[in-house]
Enquirer: 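Let me give you the structure first, and then I'll get to my questions.
Keep in mind that what you see is a predicted model, and the values were worked out from it rather than measured.
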Amino acid sequence: MEIVGLDKDRKRALCILAALLVFFMTMLAACGVGVYNDSDQYITMHIHREPLYPLFLWCFRSMIGEGYLPVAMAVQGVLTALGITVLSEYLSRRFGLCLWEEVLVVFLQLLPHLMTRYVSALHIFLENSVMSEALCIPLFQFFLYFLLRMVFEERKRDRILSLLTAWLLSMTRGQMMTTILMWALVFILQLVIRKKYKALLIPLTALIAVFGLRTLTVHVYNYFVTGYFMGNTYGQVNTLTNVIYACDEKDGEVFEEGSLEREFFDRFYAQADALGLNYQYAGNSMSERASYLEEHHDILKFQVLEADLSAYFFGLGKVDYYQQSSMSDDMAGRMIGRLLPVCFGQWFYDYILLCVNGFVRSIAVVHPLINWAAFLLYLGAVLLSLYLICAKGRFEAALAMGVALLFIAANVCATSITIMCLSRYMIYGFSIFYIAYYLLIREVYFQIKRKR
């Protein structure tokens, strides 16, 4: 039966959406609901977790009761199917892609889901999982859709909607606060290029307001859940972990003898040294050192720092979990402020190693040979973009790649500050990078073809 009143592009989009819905519902039926180590923290609205995904689950739990998880997972699949379809249709219309090219764009967005299911060690199908990534991925697709429209069309509505989705992303995963910064940078660059310097106050004001709104929202959410008007905790403990890892024993001298900070440092360092949780045990090559830190970060954090901090503050008496978490974070923040200046060289070296792995994992798998291939892919992306802009005056494919590279860089650099760049943290940049790469190659091909 013919779909009446719809043009060819919309019919194609509806067919793609239908196929994606069948795919995600089939995967849900075949794989079931994935519940993992972190899942309970989202279900119980844990203080360590950002509000949006726990609230998402709470809505279904409130409406349905027992057995709500399969319904929530189905909705995650529907949202992802919608996000893929919307972004694919827009890119197809903007770049004049034919059917097989749009199917390629769809496949490139499905590929991370297939890789995490069939290639990664955990074999997770993200949209069936009780993990914040399952909501973050479709939100990121909508963010890209609005941001690309903002880049190409500069419409006020798209600026507002892209900022709104960036805020929602930041409320789902803390690392995605980078999308708010990315939005502001894109807006500022547009204004500077057009020499609208007086208007720069708009993105700067919006940036401050949205970060303020995010902080307030998290505090209000935690007040209603825990009774404490506070932010999410243990971010500082995460950061302190890599700082302690980079320290030498003499670095504890920055604290006064007998101070609580000095006592914590001495115990942290002694336990870390005994367990080999220090940069000195990491090996010689860059890859060995990066792998060692990634493998031992959680051990150092949970078995040494968190265990010691928890035991001390609970030992004070009349301290509940939320107070202990806040006290641990405050202590970690004070220690970072004193330790980081004295161990900065080693910490920064480790940070660069984590970033290198993060850049590779954003588009490939970490391996000595693949690492070089990833470097060449990045180099090729930059050179192709410069060629189209400088030699041909063609901007759109290069701008799409610019958005991809900007996000990957922001995501990698921000994540590496607090923790290691696991694949599931880096997954967001994979599809847009390869989609933009295809658009670059396609544009170069057409430029060469026109010469003939």
Enquirer: Rounded to the nearest 0.5 Å, what's the gap from CG on Leu260 to CD on Glu263? Could you check?
Expert: 6.0 Å
Enquirer: Does any non-hydrogen side-chain atom of Leu114 lie less than 4.5 Å from one of Phe107?
Expert: yes
Enquirer: Take Tyr428 and Ser362 through the side chain to side chain contact (heavy atoms under 4.5 Å, CB included) test and state the conclusion after the steps.
Expert: CA-CA 7 Å; Tyr428 306 98; Ser362 295; over 6 Å; no
Enquirer: Side chain to side chain contact (heavy atoms under 4.5 Å, CB included), that's the test. Do Leu111 and Ser431 meet it? Break it down for me.
Expert: CA-CA 8 Å; Leu111 198 55; Ser431 296; 5.7 Å; no
Enquirer: side-chain hydrogen bond (donor to acceptor under 3.5 Å, both in side chains) between Ser310 and Gln324: does it pass, once the steps are laid out?
Expert: CA-CA 7 Å; Ser310 298; Gln324 176 268 319; 3.1 Å; yes
Enquirer: Going from CG on Leu185 to CD1 on Ile180, what distance comes out if it is rounded to the nearest 0.5 angstrom?
Expert: 14.0 Å
Enquirer: Looking only at the aromatic ring of each residue, does the gap between the centers of Tyr53 and Phe56 stay below 6.0 angstrom?
Expert: yes
Enquirer: With a 4.5 Å limit on heavy-atom distance, are the side chains of Gln76 and Leu79 in contact?
Expert: no
Enquirer: With under 30° as parallel and over 60° as perpendicular, where do the rings of Phe265 and Tyr269 fit, or are they tilted in between?
Expert: parallel
Enquirer: Looking at Glu261 and Arg338, is there a salt bridge between them, counting it only when a charged N and a carboxylate O are closer than 4.0 Å?
Expert: no
Enquirer: Just wondering, are more than 12 heavy atoms of other shown residues or ligands nearer than 6.0 Å to CD in Glu256?
Expert: no
Enquirer: Would a line drawn from the ring center of Tyr437 to the ring center of Phe433 be shorter than 6.0 Å?
Expert: yes
Enquirer: If you round to the nearest 0.5 Å, how far is CG of Leu135 from OH of Tyr42?
Expert: 10.5 Å
Enquirer: Measure the shortest side-chain to side-chain distance between Met331 and Arg334 over non-hydrogen atoms and say whether it is less than 4.5 angstrom.
Expert: yes
Enquirer: Evaluate Trp167 against Leu52 for side chain to side chain contact (heavy atoms under 4.5 Å, CB included), listing each step before the verdict.
Expert: CA-CA 10 Å; Trp167 175 72; Leu52 190 57; over 6 Å; no
Enquirer: Under a 4.0 Å threshold between the charged nitrogen and the carboxylate oxygen, would Asp266 count as salt-bridged to Arg262?
Expert: yes
Enquirer: Kindly indicate whether the side chain of Gln109, heavy atoms from C-beta on, has any atom under 4.5 Å from the side chain of Ser88.
Expert: yes
Enquirer: Please table the atom pairs, donor to acceptor, closer than 3.5 Å between any side-chain atom in residues 198-213 and protein atoms at least two apart or in another chain.
Expert:
residue, atom, partner, partner atom, Å
Thr205, OG1, Leu201, O, 2.6

Enquirer: Would Glu294 and Asn357 count as a side-chain hydrogen bond (donor to acceptor under 3.5 Å, both in side chains) if you check the C-alpha gap in whole Å, the side-chain angles of each, and the deciding distance to 0.1 Å?
Expert: CA-CA 10 Å; Glu294 290 180 341; Asn357 277 6; 3.2 Å; yes
Enquirer: Starting from the C-alpha separation in whole Å, work towards a yes-or-no answer on ring pair (Phe, Tyr, Trp, His ring centres under 6.0 Å) for Phe255 and Phe264.
Expert: CA-CA 10 Å; Phe255 303 116; Phe264 274 125; 10.0 Å; no
Enquirer: Go through the steps for Gln141 and Thr80 under the test side-chain hydrogen bond (donor to acceptor under 3.5 Å, both in side chains), then give the verdict.
Expert: CA-CA 8 Å; Gln141 288 161 330; Thr80 305; 5.1 Å; no
Enquirer: Does Arg159 pair with Glu154 as a salt bridge, N-O distance under 4.0 Å?
Expert: yes
Enquirer: Say you draw a straight line from CE of Met176 to CE of Met171; how long is it, rounded to the nearest 0.5 Å?
Expert: 14.5 Å
Enquirer: Take atom CZ of Phe229 as the centre, draw a 6.0 Å sphere, and report whether it contains more than 12 heavy atoms from other residues, nucleotides or ligands.
Expert: yes
Enquirer: From Leu87 CG over to Ile435 CD1, what is the distance, rounded to the nearest 0.5 angstrom?
Expert: 5.5 Å
Enquirer: Can you name the residues that form a ring pair (Phe, Tyr, Trp, His ring centres under 6.0 Å) with Tyr68, not counting sequence neighbours?
Expert: none
Enquirer: Could you check whether Glu50 and Thr172, counting side-chain N and O atoms only, form a donor-acceptor pair closer than 3.5 Å?
Expert: no
Enquirer: Under the side chain to side chain contact (heavy atoms under 4.5 Å, CB included) criterion, do Met131 and Ile124 qualify, and how do the steps go?
Expert: CA-CA 10 Å; Met131 301 175 73; Ile124 295 172; 4.0 Å; yes
Enquirer: From the options Tyr145, Phe407, Phe146, select the one residue that forms a ring pair (Phe, Tyr, Trp, His ring centres under 6.0 Å) with Phe140.
Expert: Phe407
Enquirer: For Tyr321, I'd like to know if atom OH has over 12 heavy atoms of other residues, nucleotides or ligands within 6.0 Å.
Expert: yes
Enquirer: Less than 4.5 Å apart, any side-chain heavy atom of Arg173 and any of Tyr425?
Expert: yes
Enquirer: Output the distance between atom CG (Leu91) and atom CD1 (Ile432), rounded to the nearest 0.5 Å.
Expert: 6.0 Å
Enquirer: With a 6.0 Å cut-off (strictly less than), is the heavy-atom count around CD of Glu249, excluding the residue itself, greater than 12?
Expert: no
Enquirer: Answer yes or no: is there a donor N or O on one side and an acceptor on the other, between the side chain of Tyr223 and the main chain of Val218, under 3.5 Å?
Expert: no
Enquirer: Does the side chain of Leu309 reach to within under 4.5 Å of the side chain of Phe268, using non-hydrogen atoms?
Expert: yes
Enquirer: Mark yes when over 12 heavy atoms from residues, nucleotides or ligands other than Tyr349 sit less than 6.0 Å from its OH; otherwise mark no.
Expert: yes
Enquirer: Classify the ring geometry between Tyr351 and Trp347 as parallel (under 30°), tilted (30 to 60°) or perpendicular (over 60°).
Expert: parallel
Enquirer: Do Asn278 and Tyr292 have side-chain atoms, one donor and one acceptor, less than 3.5 Å apart?
Expert: no
Enquirer: Please confirm whether Tyr322 and His46 have ring centers closer than 6.0 angstrom.
Expert: no
Enquirer: Check the side chains of Asp248 and Tyr279 for a donor-acceptor pair under 3.5 angstrom, ignoring hydrogens and angles.
Expert: yes
Enquirer: Once you measure the plane-to-plane angle for Phe125 and His113, does it fall in the parallel (<30°), tilted (30-60°) or perpendicular (>60°) bin?
Expert: tilted
Enquirer: Have Tyr234 and Ser325 got a donor and an acceptor in their side chains that come within less than 3.5 Å?
Expert: no
